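Here the structure comes first, spelled out in structure tokens, and everything after it is commentary.
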Amino acid sequence: MNPLLASLHAYPFERLKQLFANVTPNPKYRPISLGIGEPRHATPQLVLDALARSTAELAAYPPTAGSPALRQACAGWLQRRYGVSVDAATQILPVNGSREALFAFAQAVVNPRAGNATVICPNPFYQIYEGAALLAGAAPYYAPSDPSQNFNINWDVIPGETWSSTQLAYVCSPGNPTGAVMPMRDWEKLFELSARYGFVIASDECYSEIYFRDDPPIGGLEAAVKVGLTDFKNLVAFTSLSKRSNVPGMRSGFVAGDAAILKQFLLYRTYHGCAMSGMIQVASIAAWNDEAHVVANRQMYREKFAAVTPMLAEVLDVRLPDAGFYLWAAVPGGNDEAFARDLFAQYNVTVLPGSYLARRAGGNNPGTGRVRMALVAETAECVEAAGHIVAFVKGRQNK
Ligand SMILES: Cc1ncc(COP(=O)(O)O)c(C=O)c1O
């Protein structure tokens with residue numbers, strides 16, 4: 001077997017299963033999970049209709065590069081959303097959701113034979129980045145999110161020798177789990193570093209359409225154009241329909257950016273055999289071309305967060321994030337595992353310990369003392385869970 005497989009860490013939900021293994025949740029309450037970040041709003045009818053009318057696509061092998069119509073739909077969306085022009089033929093590739101693409105990208109980009117191959121991962125993070133780095137034969141460098149900078153990463157704290165060996169940097173904006181949107185000045189810094197040290201930036205933007213401020217989150221390609229990087233050199237953005245259009249089961253997204261990198265990535269993907277089904281391509285075109293369902297979806301999240309956040313802020317150190325569908329809350333007492341376990345036992349509400357979403361680095365696990373709550377269920381269910389959390393925290397305080 002590939003010995004690198006042994007370096008992979010247990011997935012956060014496996015650890016959660018172990019944490020809850022000997023706990024019997026209070027049967028007085030129905031189970032409510034704020035654990036998994038899986039969208040649960042309804043899939044738009046226009047996507048279902050497109051799937052229903054495209055079954056003939058199953059009779060042919062789809063091209064790995066995607067149909068010209070799909071690439072055009074993705075390019076059109078980038079233009080409308082970010083004001084960015086890309087060449088649909090060379091600067092776009094469809095992918096089967098951003099997860100597989102984020103993973104596969106490291107396999108295509110990283111040269112494990114170059115000394116100390118390093119991949120920058122945010123910390124806390126989406127664990128796929130770490131696994132992708134490890135299986136590509138690189139060492140992850142965990143860049144801490146800084147609570148004093150709205151949970152963004154201070155790129156200045158990463159030493160020069162780390163940048164020298166960095167081949168790939170994952171950034172996640174809006175962030176999972178923090179909800180932080182990386183500001184323009186941090187993009188500028190990162191572009192400067194990439195130009196100086198020659199590493200590739202993988203910009204994970206799968207939460208870009210769920211936001212709570214007036215201005216939509218800035219995208220990597222948009223930031224690049226603002227600093228004159230119009231060829232997107234060493235930059236690839238990862239976008240997904242899963243959260244935008246409530247189709248996590250469809251497995252559809254796309255990558256866009258540096259044409260030279262995407263050419264090599266397409267080569268990799270051709271061997272990997274991960275062409276998107278023709279049916280999914282047709283449904284994806286319908287989804288990218290419609291914005292009304294996205295606006296309605298965002299409004300549902302806004303109403304949900306407006307109802308839940310103030311309730312929780314009464315008892316936890318938590319505030320409305322910039323974007324995404326998570327609350328990233330500090331828990332009283334600072335023991336995130338005990339908080340999650342006892343909350344589950346007493347109220348049958350599942351939250352994810354923050355330390356499971358981060359690694360100890362520089363003597364500190366930046367997830368410790370926090371929990372992630374995914375507000376993906378309907379508002380009433382999230383409000384019910386928030387009520388239980390309030391009662392739970394107050395009950396602990398009175399002990
Ligand atoms: C930060 C982040 N990136 C990427 C993904 C993958 O999403 P998908 O593969 O559905 O596009 C997720 C899923 O939860 C995520 O949280």
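Just so it is clear, the model here is predicted, and its values are computed rather than measured. We count ligands from 1, going down the list as the structure has it; atoms in each ligand are counted the same way.
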- Task: Using salt bridge (Lys or Arg N to Asp or Glu O under 4.0 Å) as the criterion, point out the one residue from E209, E205, E291 that pairs with R244.
- Result: E291
- Task: Classify the ring geometry between F151 and W328 as parallel (under 30°), tilted (30 to 60°) or perpendicular (over 60°).
- Result: perpendicular
- Give the ring-plane orientation class for Y129 versus Y170, where under 30° counts as parallel, over 60° as perpendicular and anything between as tilted. parallel
- Mind running ring-ring contact (aromatic ring centres under 6.0 Å, His included) on H388 and F392 for me, showing each step along the way? CA-CA 6 Å; H388 291 332; F392 169 70; over 10 Å; no
- Message: Tell me whether the NZ or CZ atom of R269 lies within the 45° cone about the ring axis of F265 and under 6.0 Å from its centre.
- Response: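 Yes, a cation-pi geometry holds between R269 and F265.
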- Hydrophobic cluster of V295, others only, ordered by chain and residue number, side-chain cut-off 4.5 Å: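 Its cluster mates, by chain and number: none.
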Are there any protein N or O atoms under 3.5 Å from the N or O atoms of ligand 1? List them with distances, or say none.
unit_1: ligand 1; atom_1: 3 (N); unit_2: D204; atom_2: OD1; d: 3.4
unit_1: ligand 1; atom_1: 3 (N); unit_2: D204; atom_2: OD2; d: 2.5
unit_1: ligand 1; atom_1: 7 (O); unit_2: S98; atom_2: OG; d: 3.4
unit_1: ligand 1; atom_1: 7 (O); unit_2: K243; atom_2: NZ; d: 3.3
unit_1: ligand 1; atom_1: 9 (O); unit_2: S98; atom_2: N; d: 3.1
unit_1: ligand 1; atom_1: 9 (O); unit_2: R99; atom_2: N; d: 2.9
unit_1: ligand 1; atom_1: 9 (O); unit_2: R251; atom_2: NH2; d: 2.6
unit_1: ligand 1; atom_1: 10 (O); unit_2: S242; atom_2: OG; d: 2.6
unit_1: ligand 1; atom_1: 10 (O); unit_2: R251; atom_2: NH1; d: 3.0
unit_1: ligand 1; atom_1: 11 (O); unit_2: S98; atom_2: N; d: 2.7
unit_1: ligand 1; atom_1: 11 (O); unit_2: S98; atom_2: OG; d: 2.7
unit_1: ligand 1; atom_1: 11 (O); unit_2: S240; atom_2: OG; d: 2.6
unit_1: ligand 1; atom_1: 14 (O); unit_2: K243; atom_2: NZ; d: 2.9
unit_1: ligand 1; atom_1: 16 (O); unit_2: N176; atom_2: ND2; d: 2.8
unit_1: ligand 1; atom_1: 16 (O); unit_2: Y207; atom_2: OH; d: 2.7

